[in-house]
There are 2 protein chains.
Amino acid sequence: MPTPHYGQPRYRAIAEELRERIESGAIPPGALLPTESILTAEFRASRGTIRQAIAVLREAALVVTEHGRGTYASLRPKVGRAVTGGRAEARPQEVAADPELAALFSVEVGTALVEHQSIDRRDGVVQAVVRTYRLLRPNQ
Amino acid sequence: MPTPHYGQPRYRAIAEELRERIESGAIPPGALLPTESILTAEFRASRGTIRQAIAVLREAALVVTEHGRGTYASLRPKVGRAVTGGRAEARPQEVAADPELAALFSVEVGTALVEHQSIDRRDGVVQAVVRTYRLLRPNQ
DNA sequence: AGAAATTTGTCCGTATGTATC
DNA sequence: AGATACATACGGACAAATTTC
């Protein structure tokens with residue numbers, strides 16, 4: 001079998017399909033995904049490709065994998081706009097760069113950065129807090 | 001050849017070695033890393049293993065790979081010296097809630113949260129750093 | 001402009017190691 | 001101990017993007 005992946009690679013297509021199942025609730029939060037072996041059979045793909053697909057979901061924090069156990073659907077599907085009141089507030093503010101941010105932005109520790117904070121709530125309960133950091137004035 | 005990986009897997013050891021070369025300046029910022037083919041010969045490892053090692057560096061934002069071109073060392077500063085617990089960037093990571101996060105999540109200050117950091121970069125230059133915080137155990 | 005070489009991307013099949021049940 | 005499931009590693013083949021000639 002050749003390797004035709006015009007446009008979308010197989011592993012991404014498979015990741016999409018699995019993402020659908022998770023976000024739709026077909027695979028409920030906390031539940032185990034089918035084993036790599038089963039997915040291999042279902043999608044008629046090699047195990048490496050299946051693992052690549054799962055890696056995409058892991059990167060997206062949609063699943064968590066445990067050695068010898070399996071891969072679980074994350075307890076936190078869809079962070080996006082919940083139809084019911086998942087509104088996010090923003091609050092620009094200047095903060096001092098911690099060592100890691102300083103290294104990333106190539107500035108001195110303590111340099112002022114702009115912090116943008118948004119909050120994802122569901123039914124009034126804070127689900128996630130997102131902080132975005134940028135330079136006051138981009139260098140380079 | 002068997003696959004003994006007591007403790008450290010091969011690909012992580014190779015990633016460590018390459019990380020050394022980058023952080024020491026042996027591979028200066030912006031420079032191309034040796035091709036996968038060359039690394040395969042040097043480390044006597046399969047291409048898959050080399051690619052896995054490079055994936056680790058990519059995850060740590062130490063390199064950027066471009067299709068058909070090669071893998072570049074990131075333009076990040078060698079400031080990453082002070083290693084006072086300052087990890088380059090482990091992916092999902094547990095951190096202690098600061099007062100503001102603690103208030104938002106309704107937990108005690110210092111409670112462990114999961115931090116996920118992603119970096120938006122253009123041409124190797126960091127544009128923005130996004131940190132997302134969530135509870136370890138979502139308490140509905 | 002076009003062809004070839006180079007380099008990374010995707011995919012397969014197999015084998016073995018390690019963790020969990 | 002045995003079975004199950006994920007992790008690591010190898011080798012081969014072809015696709016796609018880039019560079020070189």
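So you know, we letter chains A, B, ... as the sequences are listed, proteins then strands, and number each from 1. Being a predicted model, the structure only gives us computed values, none of them experimental. Only this structure's heavy atoms are used, side chains among them; waters, hydrogens and symmetry mates stay out.
Residues satisfying the side chain to side chain donor-acceptor pair (under 3.5 Å) test with A:R51, not counting sequence neighbours, are A:E36. The side chain to side chain donor-acceptor pair (under 3.5 Å) search around A:T49 returns A:S46, not counting sequence neighbours. Partners of B:E20 by salt bridge (charged side-chain N to carboxylate O under 4.0 Å, His left out), not counting sequence neighbours: none found. Looking at residues two or more places apart in sequence or on another chain, you find a salt bridge (charged side-chain N to carboxylate O under 4.0 Å, His left out) between B:E16 and B:R19.
Taking 4.0 Å as the cut-off between side-chain N and carboxylate O, A:R58 and B:E59 do not count as a salt-bridged pair.
Checking C:dC11, D:dC6, D:dT18 against the side-chain heavy atoms of A:T65 singles out D:dC6 as nearest. Listed candidates were C:dC21, D:dC6, D:dT8. Nearest to the side chain of B:P9 is D:dT8.
Regarding A:L32, its CG atom lies at a distance of 19 Å from the P atom of C:dA19, rounded to whole Å. Across the protein-nucleic acid pair, B:E36 atom CD and D:dG11 atom P stand 15 Å apart, rounded to whole Å. One atom, CZ of A:R10, and another, P of D:dA15, lie 15 Å apart when rounded to the nearest Å. Nucleotide D:dA17 holds its P atom 6 Å from the NE2 atom of B:H67, rounded to whole Å. The nearest whole Å value for the distance from the CD atom in A:Q8 to the P atom in C:dG9 is 17 Å. As rounded to whole Å, 15 Å separates atom C1' of D:dA7 from atom CZ of A:R69. For A:R12 and C:dG9, the CZ to C1' distance is 11 Å, given to the nearest whole Å.
Residue order along DNA chain C, read from the 5' end via each residue's closest nucleotide, puts B:P34 first among B:P34 and A:Y11.
Clustering of Ile, Leu, Val, Met, Phe, Trp and Tyr side chains at separations under 4.5 Å leaves B:I38 isolated, with no partner residue.
Residues from residues 43-56 of chain B with heavy atoms under 4.0 angstrom of DNA chain C, sorted by number: B:R47, B:R51.
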